[in-house]
Amino acid sequence: MFLDAGQPDDERMAEMLQAFLPWVRGKLLEDRYIGWLASEGSEIVGGAGLWLMEFPPHFLQIGPVRGYLLNFYTAPDFRGRGLAKVLLKKVVEEARRRGCEVLTLHASESGRPIYEKNGFKQTNEMMLRFDDRAMDSIH
């Protein structure tokens, strides 16, 4: 998924994978992460995840849980067949069942049209990364 999105297969990728596995195992045990896999025969061809994040009461949602969509992926040979839409529908249904009033995600360029077609709107979220460039820009 990350390689297809243009991320290099480097030391940083290895560090991320090593850190992700214990995180996702913990969230699975807490029932705070739900994952779906799509297969054709014995081959995994797609997947999706829903992280049920603790979130403070907010004017968009009063409840304490916000859904965050992640790990959406369809293998290149299986794109354009509606698999992403099926996975998205399952995730949205589960999020609703669990009381989420808001779903968020960070979409790739190729994924953005699928989400927009299904009612997701771009927001004004901003990000500051704590690296040397960010610190030099703070006055």
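We count residues from 1, following the sequence as given.
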Is the closest side-chain heavy-atom distance between Leu69 and Leu88 below 4.5 Å? yes
What distance do Lys85 atom NZ and Asn118 atom CG have between them, rounded to the nearest 0.5 Å? 6.0 Å
Please say whether more than 12 non-hydrogen atoms of neighbouring residues, nucleotides or ligands are located less than 6.0 Å from CD in Gln18. no
For Phe20 and Tyr33, take the angle between the two ring planes, folded into 0 to 90°, and tell me which bin it lands in: parallel under 30, tilted 30 to 60, perpendicular over 60. perpendicular
In this structure, would Leu50 and Met53 fall into the same cluster of hydrophobic residues linked by side-chain contacts under 4.5 Å? no
Closest non-hydrogen atoms of Leu83 and Ala38, given as atom of the first, atom of the second and distance, are CD1-CB, 3.5 Å
Output for pair (Cys100 SG, Phe55 CZ), nearest 0.5 Å, gives 11.5 Å
For Thr74 and Arg79, the nearest pair of non-hydrogen atoms, with its separation, is O-NE, 2.7 Å
Within this structure, what is the CZ-OG distance for the pair Phe72 and Ser110, rounded to the nearest 0.5 Å? 13.0 Å
Between Leu105 and Leu70, is any pair of side-chain heavy atoms under 4.5 Å apart? no
Heavy atoms, side chains only, cut-off 4.5 Å: are Trp51 and Trp23 in contact? yes
Sub-4.5 Å side-chain heavy-atom contact between Arg112 and Gln122: yes
Verify the cluster assignment for Val24 and Leu17: are they in a single hydrophobic cluster under the rule of side-chain heavy atoms below 4.5 Å apart? yes
Considering only heavy atoms from C-beta outward, does the side chain of His58 approach that of Arg66 to under 4.5 Å? yes
Heavy-atom closest contact (Ala84 atom, Ile114 atom, distance): CB-CD1, 3.8 Å
Please determine whether the number of non-hydrogen atoms from other residues, nucleotides or ligands lying under 6.0 Å from atom CZ of Arg96 exceeds 12. no
Gap between atom CE of Met127 and atom CD of Glu125 - 0.5 Å precision: 6.0 Å
Got a salt bridge between Glu94 and Arg98, using NZ or NE/NH1/NH2 to carboxylate O under 4.0 Å? yes
Do the non-hydrogen side-chain atoms of Ile34 and Trp36 ever get within less than 4.5 Å of each other? yes
Of all heavy-atom pairs linking Glu40 and Arg81, the shortest is OE1-NH1, 4.1 Å
Donor-acceptor pair, distance only, cut-off 3.5 Å: does the side chain of Ser39 make one with the backbone of Ser42? no
Does Leu52 share a hydrophobic cluster with Phe120, counting links as ILVMFWY side-chain heavy atoms below 4.5 Å and allowing steps through other members? yes
Is the number of heavy atoms from other residues, nucleotides or ligands within 6.0 Å of CD (Glu15) greater than 12? yes
Glu116 side chain reached by Lys121 side chain, heavy atoms, under 4.5 Å: no
Side-chain touch Thr123/Thr104, heavy atoms, less than 4.5 angstrom: no
Between atom CZ of Arg32 and atom CD of Glu54, what is the distance when rounded to the nearest 0.5 Å? 6.5 Å
Where do Ala48 and Val91 come nearest, in terms of heavy atoms and distance? CB-CG2, 3.9 Å
Lys90/Glu93 salt bridge by N-O under 4.0 Å criterion: no
Quick one: CG on Asp77 to CD on Glu43, what's the gap to the nearest 0.5 Å? 7.5 Å
